[in-house]
Amino acid sequence: MPDPILQISALDARYGDFQALYGVDLTLGEGEVMAIIGANGAGKSTLLRSIAGLMANGPDQIVYRGRPIGALRADQIAGLGIALVPEGRQLFPSLSVEENLLIGGRVKRDGPWSLAAVYDLFPVLKDRRAQPSTSLSGGQQQMVAIGRALMANPDLILFDEISLGLAPIIIRSIYDALPGIVAGGMSAIIVEQDIAKALSVSSRVYCLQEGRVSLEGASCTVSREEISRAYFGIA
Ligand code: ATP
């Protein structure tokens, strides 16, 4: 495996009294694309939220390029090059497409991504750039959310439910864009409900079950039976 960009060890996460993650260990290599699968409520979003600095973590439980980041704020983590494409997109409804994209660019990092590069990736956004983000279709809004994350020129991008609720043709265009996104060496973690899709775009896969890692393996070699067991707890 390449050098790790991210190492997570014994990560717990709580919402008040409710514990959502239990002792999660995970290693992501530089330039690697990893998929995280698991049933509803398994803790996938919580894991991404922890990495992005949106949960209260222990300081040493998340290490990014050798630096403990568990106690940093979300804006500090973004500044180090980690960007989250959140579930439900979470665009600013009163702002235009372009204004939403420019918000991502407020994280001042050098790299290949700019407004022009995002518009090359998703040309429909250029045509719609002056429109309110809420006037776009769900799929187009997902493109804005991805573009906003790319505008920060991250080294690690976290996609939460990249294709949830989108039409198949839009899902295809978003997945078609993925190789171009990671071509420059960007690392990625993709939370995806569609297991076949998750396996096809990733080199390794983790499955979460009720807040615990129930499977870790190479995406090309894990079997259907292993996934069923890890996903549902049945053989
Ligand atoms: P889904 O695929 O449905 O999005 P998930 O695997 O991403 O699920 P999480 O959203 O991480 O799961 O949720 C993990 C657990 O934490 C669930 O039991 C959920 O109900 C709980 N949870 C999530 N957010 C909160 C919150 N803000 N307050 C309390 N509990 C929460």
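For ligands, and for the atoms within them, numbers begin at 1 and follow the listed sequence. The figures that follow rest on heavy atoms only: side chains count, while hydrogens, waters and symmetry mates do not.
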Exercise. Do any N/O atoms on Gly43 end up under 3.5 angstrom from N/O atoms on ligand 1?
Worked result: yes
Exercise. With a 4.5 Å heavy-atom cut-off, do Tyr231 and Glu226 have their side chains touching?
Worked result: no
Exercise. Does Arg49 have a heavy atom less than 4.0 Å from any atom of ligand 1?
Worked result: no
For this session: Pick one of side chain, backbone, both or neither for how Ser45 approaches ligand 1, counting any non-hydrogen atom pair under 4.0 Å.
Result: both
Seminar exercise, completed: From the list Glu192, Gln142, Arg172, Gln193, side-chain hydrogen bond (donor to acceptor under 3.5 Å, both in side chains) with Ser163 holds only for Glu192
Seminar exercise, completed: A student checking ligand 1 against Ala39 at a 4.0 Å heavy-atom cut-off should list atoms 6 (O)
Problem set entry | Backbone N/O of Met34 and side chain of Glu32: donor-acceptor pair under 3.5 Å | no
Exercise. Heavy-atom distance from atom 28 (N) of ligand 1 to the protein below 4.0 Å?
Worked result: yes
Exercise. Should Gly16 be listed as contacting ligand 1, given a heavy-atom distance under 4.0 Å as the test?
Worked result: no
Seminar exercise, completed: closest protein heavy atom to atom 17 (C) of ligand 1 is Gly41 O, 3.7 Å
Exercise. Under the 3.5 angstrom rule, does the side chain of Asn100 hit a backbone N or O of Phe92 as a donor-acceptor pair?
Worked result: yes
For this session: Give the atoms of ligand 1, by number and element, whose distance to some non-hydrogen atom of Glu87 is under 4.0 Å.
Result: 4 (O)
For this session: Just need the protein heavy atom nearest to atom 26 (C) of ligand 1, so name the residue and atom and give the distance.
Result: Tyr15 CD2, 3.4 Å
For this session: Looking only at distances, please establish whether an N/O atom of ligand 1 is found under 3.5 Å from an N/O atom of Ala42.
Result: yes
For this session: Without swapping roles, check the side chain of Gln141 against the backbone of Gly138 for a donor-acceptor pair under 3.5 Å.
Result: no
Problem set entry | Heavy atom of protein inside 4.0 Å of atom 31 (C) of ligand 1, strictly below | yes
Exercise. Atom 3 (O) of ligand 1: which protein heavy atom is closest, and how many Å away?
Worked result: Asn40 OD1, 3.3 Å
Exercise. Identify the closest protein heavy atom to atom 21 (C) of ligand 1: which residue and atom is it, and at what distance?
Worked result: Phe18 CE2, 3.7 Å
Exercise. Hey, does the side chain of Arg109 reach the backbone of Asn153 with a donor-acceptor pair shorter than 3.5 angstrom?
Worked result: yes
Exercise. In ligand 1, which numbered atoms sit nearer than 4.0 Å to a non-hydrogen atom of Thr46?
Worked result: 9 (P), 11 (O), 13 (O), 14 (C)
Exercise. Between Asp120 and Lys126, is there a side-chain N and carboxylate O pair less than 4.0 Å apart?
Worked result: no
Problem set entry | Path from Leu166 to Val191 over hydrophobic side-chain contacts below 4.5 Å | no
Exercise. Does a side-chain heavy-atom distance below 4.5 Å link Leu28 with Ile189?
Worked result: yes
Exercise. Do the side chain of Ser219 and the main chain of Ser202 share a donor and acceptor less than 3.5 angstrom apart?
Worked result: yes
Exercise. Which atoms of ligand 1 are found less than 4.0 Å from any heavy atom of Gln193?
Worked result: 2 (O)
For this session: Give the numbers and elements of all ligand 1 atoms closer than 4.0 Å to a heavy atom of Glu161.
Result: 1 (P), 2 (O), 4 (O)
